[in-house]
J.: 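Handing you this structure, nothing more for now.
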Number of protein chains: 4
Amino acid sequence: MRVKDEEKRQQIRDAAVRLINEMGFAGASMSKIAKAAGVSPATIYLYFENKEHMVQSLYLELKAGLLQGMMAGTDQEATIKGKLRRAWRNFHALLISRPEIYRFCEQFYNSPYIRALPPEKIDRIYSPMAAVFAAAEAQGLIRPLPFAVAFTSVFGPLGLVMKLGPQNGVPSTPEELDTLFDMAWRSVAA
Amino acid sequence: MRVKDEEKRQQIRDAAVRLINEMGFAGASMSKIAKAAGVSPATIYLYFENKEHMVQSLYLELKAGLLQGMMAGTDQEATIKGKLRRAWRNFHALLISRPEIYRFCEQFYNSPYIRALPPEKIDRIYSPMAAVFAAAEAQGLIRPLPFAVAFTSVFGPLGLVMKLGPQNGVPSTPEELDTLFDMAWRSVAA
Amino acid sequence: MRVKDEEKRQQIRDAAVRLINEMGFAGASMSKIAKAAGVSPATIYLYFENKEHMVQSLYLELKAGLLQGMMAGTDQEATIKGKLRRAWRNFHALLISRPEIYRFCEQFYNSPYIRALPPEKIDRIYSPMAAVFAAAEAQGLIRPLPFAVAFTSVFGPLGLVMKLGPQNGVPSTPEELDTLFDMAWRSVAA
Amino acid sequence: MRVKDEEKRQQIRDAAVRLINEMGFAGASMSKIAKAAGVSPATIYLYFENKEHMVQSLYLELKAGLLQGMMAGTDQEATIKGKLRRAWRNFHALLISRPEIYRFCEQFYNSPYIRALPPEKIDRIYSPMAAVFAAAEAQGLIRPLPFAVAFTSVFGPLGLVMKLGPQNGVPSTPEELDTLFDMAWRSVAA
DNA sequence: GATGAATGAGGATTCATTCAT
DNA sequence: CATGAATGAATCCTCATTCAT
């Protein structure tokens, strides 16, 4: 029973993310999402309170997944810089393998919807990453900066660059990638 | 015969930008925009073919204004780095004085609307800036990078940081600003 | 789950026919039709794809009903002329008892809407009637004429005359009716 | 001066008839008509009180022209039957040379618009034709019938047949035409 | 006389959501 | 739990008409 439910929730989630990425929040109507998910519109309301809640949930889940994916394996790295490089490469891999996740998050983050989300819910997602940056700063590896600024400086450009699309110079070879990480690192290095 | 009024176009433009920033593309209905602009809904259609065209026009105008504002006075700078620092500070000043412009552009850029815009129209806006980066690279000041990547690395983090809001560590003192530019510059410096 | 209601479709159909007859295709807005049918505007779209489809459906249904009504009982007539007289009287009776049907069909048929209908759909409706005329011609009772011409010559004047309204000489007594049929018959009789 | 005015009125009239035939009363908006006529929407209102009046005027003018065209040369015919045959052939020629006239009239006549027209205005148009039928009846050539019924019986089928379109058996050779007139005449002949 | 700008009212249609099964 | 029917409110947009020049 529980499995079947979670499956259906997944179908709805995936359909919603896909359609919202294709058509925007407005264009992706509940009916279209329902049809794409193979369920009745009414069924969506068994899993989500309403459209706003659904979108917020999607964002929080995707964002959490994104950061979890970035942190994957970082605890096996000995050095702080190694952890960050690992996270950075994870991020790049995710942008390649699951571009719809970041795309959705960015659309949401840059829309007015974001203001209805209590910031703490987002902060909590970032806390493992924040710990790494705090350690880096404590070790004097990076400049003393607010976490958000440091994080943004390291990971922001990669996200932005990947948005550009392949024809605008997105890096693909390992060397280009290393260069890009080096650039990011240098910007925050103490 | 009455004559078409540039002022009226401005009213509509401003109202549209404000409402879209507040409520998103979907929430900002043509009626609401009309009311906020003090005109009839039908009047908007004298100035813009339809909502999609209007939003695209707004984006192109705002983006062009943004880049023009960034380039302001750069020709008076002797060095390439000076030009870029000036542009960078212009950007910061614009983010402070007219935050709605960048906000709108980012919402548009991260939405599916962007895909309906021919990329050349955007490229054209960036061309003066691209010239500066080309010169920088020619002088060996910065690493050899595709323009979009280099531009993003220099100006991207500032935009991202300013989106965070004051409580998340947005820099305000001149020293903090200088630090931020230094970080951006170092990331691309040869 | 509620179940789609044939009765509701009827309500919509009747309201639409009535309003279109009263106010024309343009005047009969979907909202007015909905109100007259006692349903929400949105409900109409559960039963008809859009206004154009609705009007076409109405035409095809009414036209089919009209021809079915005309053919009623003709198979009990021994002679071809008897069949045609019966059909002719059926037509007259229908024009009296359900004038809105012919009125709607004529409005549709004389409007540009008709051109969106594939002619075969209409031809099919006429096929039983065409068979009778073919038999008449085979028996040498009527002149050799294309079906549409023969049909029009027999039934057309009656329809036209009934449109005139009572004050313009619409026949009412059985004698007048017999005269009119005799006129129609003579025009095509061999 | 006067010429120029009448010219412009003609342009508007022709554009309106054409568009209404193509798109129906609703589809042919005043703006579209204005554009097709090469004038401003406001200009139409210098020549016609409003859309309803315009459509009515068009109908009355076209209908009057139609009947004038039918009557052309009938006074040179010696016999009543000759006059009617001439009118009938004129009608056929007009249906071929200026189909838009009859088409417009039929669309109008079969729409609810017609009910806003005082019947006398129409009757007056028919009066010369009515005189011919009265003479025919006085001479005992045709059955005693209300004018409208007789007229309809003679000319109605031709109009209906021409509406069918060439693929449905519209007559084209002189023999077919003679047959058709013979049919019409027989139906009313005493 | 002629214009194009301007408009409020209303058009067809779709929306997020709820109801009844 | 799941559904498709049902809906009032809202969508974008166009209309017939008038205004100011």
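Residue numbering restarts at 1 for every chain, and letters A, B, ... go by the order of the sequence lines. Values below: all heavy atoms of this structure, side chains included; hydrogens, waters and symmetry mates excluded.
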J.: Whether B:K8 contacts E:dA5 is assessed here as follows: a side-chain N or O lying under 4.0 Å from the phosphate OP1 or OP2. Is that the case?
T.: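 Looking at the OP1 and OP2 atoms of E:dA5, neither is under 4.0 Å from any side-chain N or O of B:K8.
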J.: List the residues meeting ring-ring contact (aromatic ring centres under 6.0 Å, His included) with B:Y102, not counting sequence neighbours, and say none if there are none.
T.: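 Once residues adjacent in sequence are excluded, the partners of B:Y102 under the ring-ring contact (aromatic ring centres under 6.0 Å, His included) criterion are B:F91.
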J.: Check this for me, if you would: do D:E7 and D:R9 make a salt bridge, where the nitrogen-to-carboxylate-oxygen distance has to be below 4.0 angstrom?
T.: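 D:R9 and D:E7: not salt-bridged.
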J.: Report, as yes or no, whether the 6.0 Å neighbourhood of atom CD on C:E120 holds more than 12 heavy atoms from other residues, nucleotides or ligands.
T.: yes
J.: Rounding to a whole Å, what distance do you find between A:Y45:OH and E:dA16:P?
T.: 7 Å
J.: Please round to 10 degrees the angle between the axis of the first five pairs and the axis of the last five pairs in the helix from E:dA2-F:dT21 to E:dT21-F:dA2.
T.: 10°
J.: Output the distance between atom CD1 (B:I33) and atom CD1 (B:I20), rounded to the nearest 0.5 Å.
T.: 5.0 Å
J.: Give every residue pair that meets the ring-ring contact (aromatic ring centres under 6.0 Å, His included) criterion with at least one member in residues 17-47 of chain B, sequence neighbours excluded.
T.: B:F25-B:Y113
J.: Report, as yes or no, whether the 6.0 Å neighbourhood of atom CD on D:Q68 holds more than 12 heavy atoms from other residues, nucleotides or ligands.
T.: no
J.: How close or far is atom P of E:dG1 from atom CD1 of D:I12, stated in whole angstroms?
T.: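 Going from CD1 in D:I12 over to P in E:dG1 covers 13 Å.
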J.: Between CD of D:E106 and OG of C:S111, what distance do you get to the nearest 0.5 Å?
T.: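 That separation rounds to 12.5 Å.
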J.: By the side-chain hydrogen bond (donor to acceptor under 3.5 Å, both in side chains) test, which pairs, at least two apart or in different chains, include something from residues 10-19 of chain C?
T.: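 Every side-chain hydrogen bond (donor to acceptor under 3.5 Å, both in side chains) pair that includes a residue of residues 10-19 of chain C, provided the two are not neighbours, is C:R13-C:E61.
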J.: Going by heavy atoms in the side chains, are B:F48 and B:I12 under 4.5 Å from each other?
T.: yes
J.: Give, for atom CD1 of C:I125 and atom NZ of C:K63, the distance between the pair rounded to the nearest 0.5 Å.
T.: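 One finds 8.0 Å between CD1 of C:I125 and NZ of C:K63.
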J.: Mind listing the residues from residues 19-44 of chain A sitting with a heavy atom below 4.0 Å of DNA chain F? Number order is fine.
T.: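 Per residue number, the list reads A:V39, A:S40, A:A42, A:T43.
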J.: I need the residues from residues 46-61 of chain C with at least one non-hydrogen atom less than 4.0 Å from DNA chain F; give them sorted by number, or say none.
T.: C:L46, C:Y47
